[in-house]
Amino acid sequence: MTARDRALIEEAARRLRPLLKAAKRIALCTHINPDGDGIGSEICLLHHLVALGIETRIINTEPLPLRYRFLDPEGAVEVFDANRHEAFLKTADLVIMLDNSSPARLGPLEAAVRGSSATTVCIDHHNLIDPFWKVNIIDEEACATGELVFQIVKALGGAVNRLAAQAAYVSLVTDTGYFRFSKTSPRCHEAAAEMLALGVEPPRVYQEVYERNSPAQVRLGGVAMAGLELLEEGRLGCITLTRAQLAACRAEQEDTSEIINELLSIDGVKAAVLFKELDGNRVKLSFRSKGAIDVNHLASGFGGGGHKNAAGAVIEGSLEEVTRRVLGPFREIVRRPA
Ligand SMILES: [Mn+2]
């Protein structure tokens with residue numbers, strides 16, 4: 001870590017220390033549709049807070065996806081239920097939000113968190129700061145929120161055990177696409193090296209996280225690729241998935257993020273978009289890009305967001321209409337020389 005990174009972590013620890021010292025009950029949460037980074041961050045931090053003797057609950061909006069269940073052998077992650085969790089959230093001393101700063105992305109948890117008297121803390125690596133959180137610990141240069149959590153726990157003097165390191169490692173590998181996206185940095189690899197020294201086994205993690213595709217998911221990948229279109233002289237890859245195709249593959253609930261990532265493996269492709277038809281006349285847009293092409297900006301224009309090279313949005317309209325609306329501006333930015 002550079003002096004700048006070190007200072008940021010120390011400052012985070014300095015702000016958190018008195019809050020943790022005074023806290024008896026803490027709720028941890030992440031965004032809706034929790035991903036490897038949100039979940040890994042929660043579990044890494046949970047181990048530390050439990051070791052401090054603090055009653056800590058992870059309250060998410062959805063159950064853990066199958067691929068992340070190995071991180072939680074004792075079933076600590078709870079799914080939000082107003083009857084079971086409102087009282088805890090209301091009276092918790094701290095609510096710590098991980099990997100997201102937007103209260104709206106708390107989904108069904110939002111009202112309960114807004115109604116809490118807890119001190120609210122946000123730890124994140126997206127470049128947004130929401131005034132809702134009393135304490136904001138944001139480092140855009142971190143490759144994953146889990147990287148921040150791992151460093152903060154160490155700066156707090158916590159002993160990171162194998163399970164906590166494994167959870168943070170999952171944050172790293174899922175948010176960097178196994179150390180290949182642009183935020184993969186020396187400090188990210190340094191953190192990974194430390195995690196391995198703490199007992200994390202990369203082959204085990206890879207199998208758990210990436211070799212749990214369902215047949216439906218792999219079949220859907222085939223259907224998607226068969227319909228691939230290349231625009232802008234092969235610079236822009238474009239895939240559309242209709243509800244009928246999803247149903248035919250029995251893949252309505254399947255994650256499609258790997259399908260779009262694969263488009264970037266085509267020689268010459270600089271950017272990609274996946275249009276996925278949802279129910280209720282809505283379409284999910286997923287954007288990917290390489291280098292200077294900023295899809296975050298594009299996604300923001302459609303009410304979504306993400307990172308410079310990976311972003312998304314959900315918008316209303318028919319597949320045809322949405323495709324037209326989105327491809328115009330997308331082709332424009334792909335055409336413009338970087
Ligand atoms: Mn993240």
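Keep in mind it's a predicted model, so treat the numbers as computed, not measured. Whatever order the structure lists them in is the order used to number ligands and atoms, beginning at 1. Note: hydrogens, waters and symmetry copies are ignored here, and every other heavy atom, side chains too, is used.
Here the shortest heavy-atom pairing between Thr30 and Gly38 reads OG1-CA, 3.4 Å.
Put simply, the side chain of Leu106 reaches to within 4.5 Å of the side chain of Met97, judged on heavy atoms.
Around the Mn ion (ligand 1), the protein N, O or S atoms closer than 2.8 Å are Asp37 OD2, Asp99 OD1, His125 NE2, Asp175 OD2, listed by chain and residue number.
Residues Ile39 and Val209 share a single hydrophobic cluster, defined by chaining ILVMFWY side chains whose heavy atoms lie under 4.5 Å apart.
Phe132 carries Arg114 over the face of its six-membered ring, with the cationic atom under 6.0 Å from the centre and within 45° of the normal.
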>> Let's go through His125 and Asp37 carefully: what are the C-alpha distance in whole Å and the side-chain angles of both, what is the deciding distance for side chain to side chain donor-acceptor pair (under 3.5 Å) to 0.1 Å, and is it a yes or a no?
In response: CA-CA 10 Å; His125 68 132; Asp37 188 19; 3.2 Å; yes

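Here the CG-CD1 distance, from Asp99 to Ile123, works out to 11.0 Å after rounding to the nearest 0.5 Å.
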